[in-house]
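Here's the structure we're looking at; comments come further down.
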Amino acid sequence: MSQTQTIDPSDVGNRSAVQSVVNKQETVKMPKGQISTVALEKSYFKGQHKIPVLRGVEVAVNEGEFVSIVGQSGSGKSTLLHLIGLLDTPDVGEILMNGDRIDDLPEKSRDQLRNHVFGFIFQFYHLLPELSLLENVMSPLMIRHSLWSFWKQRRAMREQACEIIAKVGLGHRMKHKPSELSGGEMQRAAIARALITKPTVLLADEPTGNLDSDTGGEIMDLLASLNEHDRLTIVMVTHDDSIARQAHRIVRLKEGRIEAVDRAA
Amino acid sequence: MYKLLLCLRYLRTRYIALASIISVTLGVATMIVVNSVMAGFSTEMRERIHGLLADVVIETNSLDGVPDAEEHLALVRQAAGDYIESMTTTVEVYGMLSFQYHGQWITRPVTLIGIDPGEKAKVGPLKDFLQSYRPTIVDGRMTEPAQRSMDVPPGWTLTESAQEYRQWWIERQQMMIHGLGEEDDSLPTPLVPGESVTPPFKGEDPGPPIFDEFPNSNASTDEPGAAQQDDSAVAAPTPADSEPSTPLIADESGPTFAPPQFEPPPFEAEGAPELPDSAGWVGLLDGRLYVGMGLISFPYEDDKGKVQTLMMVKPGDDVKLSTVTSGRPPDTTHFNATVVDVFKSGMSEYDSNLVFCNLEYLQKVRGMVDPSTGVRSITSIQIKLKDETDAKVVVERLQAVFPPGRYSVKTWEQKQGPLLAAVDIESAILNVLLFLIIAVAGFGILAIFYMIVVEKTRDIGILKALGAGSGGIMSIFLSYGLALGIVGSGVGVGIGILFVHYINEIEGFITWITGHKVFDERIYYFPEIPTSINASMVIWVAVGAMTIAVLASILPARRAARLRPVEALRFE
Ligand SMILES: Nc1ncnc2c1ncn2[C@@H]1O[C@H](COP(=O)(O)OP(=O)(O)O)[C@@H](O)[C@H]1O
Ligand SMILES: [Mg+2]
């Protein structure tokens, strides 16, 4: 079991609990959701050829801020988001959270940060096809807890999941498999899954990229309200300017470098 | 937690993986069946061998034997008396058994063993093998009770029905002789069947031998049905029963063709009405035999396709035996003897080779009795131990007393060593082969798991993005492998045990379908396929199969664990 910490059931996913967890790692003291990158570089190899994707990216996202990253396809937006979310490691540079470096943490701590601090939303929803909507939403909690502690707290967690599912408007689809849901519903389910851990930073990679504009608008409204009411830090990748404008700030990426940072609307 | 859930879900949704463990299932089932049947065979066989041999056997290297049984017994007692429950001396020699059937002489090589049945019964379960102690069983139901009760010690007397039968054929013979050869009175009257029949026919085809008519009416049992009808005539205890080997010693007239001792005609006392004068010849010859079933019978299929056994010689008949004397140079000698009983141990090697003879008569015939002192020679001593696990110790002690140049001292297992070892090796090789089959199934699992990991690449990326560690991902696939192993070997164990349990029904069914006997008792000597399920064997096989399933999933699981989340998520 990689997640062995014990969390008092009463404040599961609660911010103070997250703090205590992360404090245990003695690396990040105050995960307030302030993220910054320092001179990030990342390149991939295609055979012998080195393909630089990011060439020194510096962004800072404040706590409670809604930032969108735009750029052409292949400009390195997803790569940047993955680096921030610790899904990958940069070749050069640092990722800081509230001033502390998090990209060089040991693997286990990175796993825990992903589980506790970051919430991910992907363009293709990425729900697990074998699990029902409810199970999908609860999966981060299942990953967090051992069998025994999950079993003890299953009621509380179930309630919490139902609450969040209701909040994204899918209360009537609990038992459905992802294949039985529409694109918009799947994306809402993915958002619910990202929210259940009460993350401090939400990382969304083209969350509306696969949806029609009406459904996409609903998803954007949902994100905006999460940012507004729950003071969730959101970093959203998109290539659609009109969507990007709903954020506080727009970071423009071009060929692995930051072209401009605009203040939106 | 997610590991368990996903593992169970994969189990329920990936039927292809279930297909991959069918080979594991079949392998496990086959291993259990093969092992159970082999174990059944070998325990049955060991039991039979052990039953015929004693725990420890001392044999002389020479067929002539060594003089003085008593002295030897005393030596044995001195060396290992504490371990010994009982002993018996025997004479073992090669010989030929001849008898006439359908007008032709049938001769078979045999091992002739002189025993004292009472003593022999104390070192091994002799009675269990003698047919007169066994009820007749047809299709699993007892059709006739045993002719002798187990309480009666084995001896050299005929059962009532055999006595009856003997009387019948001798009368027939007398009638033939009187009817056909009135003029030829010089013929010796009481004769061994074959010998007596031929001369009156004067070289013509004798047709069905007279003594054969009778047995054919009731081919498969050795008790003539007719005997039942005139039960009243035999109701009185046959006096013959009370005449053991006493006349033998008195009779020193020579080893070959001893004219049968005249014994009080059994039915005279009763005043049985139509007995011919020669009723007295119903008395037995001095040589008495227990003949192996396989020597004097052959199996055949009756019109219903059932295997029946046809007895060519039955208790009460006389046969001829040839063997060698113990002199220098050895001389051939032959004598006639009455078959008193038929024995069947179930080991065809024994049943078609052994003839037990009364020890004292055999010693006399072979010249093993010192004419001046009356000291008798023996060729082997069979010893039953109080605790058969002491056999090794006893053998060691006895080897010190009986030098290996003249004697060989062996446990029954050592005596049958090559046969038992062959069975062990055979089962070991089969096990290795079958386990290799399961191992091959392991590669099937490996390939299919690899496919599943590739198919699940994206899901693995998601799980990692949600915070699952490499160890967790790995354990999903390992426990998936284990779960498949458990299901596979569990089903395999179930099928295997069911198969073993119903193996005879299955055999019957296959025989019915193909019309071809799969398990032919004519070959195997077992009426049913013997099986014995060994719990530890089953557990080992099941654990082995599970281990292989887990081992096969290690490689794919490691691959899954090493996937980096971005790489897993990229391709969309
Ligand atoms: N694992 C990889 N191996 C090789 N090249 C990669 C890999 N991941 C991304 N790239 C390359 O990096 C570039 C940026 O990709 P990405 O960040 O996904 O762009 P986008 O801005 O469209 O999200 C692309 O040209 C892509 O081909
Ligand atoms: Mg992208």
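Throughout, protein chains are lettered first and strands after them, A, B, ... in sequence-line order, and every chain is numbered starting at 1.
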Nearest heavy-atom neighbours spanning A:L127 and B:R458: O-NH2, 3.3 Å

Whether over 12 other heavy atoms sit under 6.0 Å from A:R154 CZ: yes

Flag, side chain of A:D111 to backbone of B:G467, donor-acceptor distance under 3.5 Å: no

Exceeds 12 heavy-atom contacts within 6.0 angstrom, atom CD of A:E180: yes

Heavy-atom side-chain proximity of B:P565 to A:D88 below 4.5 angstrom: no

Atom CD of B:E455: over 12 foreign heavy atoms under 6.0 Å: yes

Crowding at CZ, B:F509 (>12 non-hydrogen neighbours, <6.0 Å): no

Atom pair CG (B:L466) and CD1 (A:I196), whose distance is rounded to the nearest 0.5 Å: 11.0 Å

Cationic N near anionic O, under 4.0 Å, A:E130 to B:K456: yes

Contact summary for A:L87 and B:V566, nearest pair of heavy atoms: O-CG2, 3.5 Å

Under 3.5 Å: donor-acceptor pair, side chain of A:R114, backbone of B:K464: yes

Separation of A:I143 CD1 from B:L463 CG (nearest 0.5 Å): 5.0 Å

Top of B:G471, B:A465, B:S470 for chain A proximity - count of heavy-atom pairs under 4.5 angstrom: B:A465

Whether over 12 other heavy atoms sit under 6.0 Å from B:R558 CZ: no

Proximal component of A:R110, with respect to chain B [non-hydrogen, under 4.5 Å]: neither

CD1 on B:I462 to CZ on A:F120, rounded to 0.5 Å: 12.0 Å

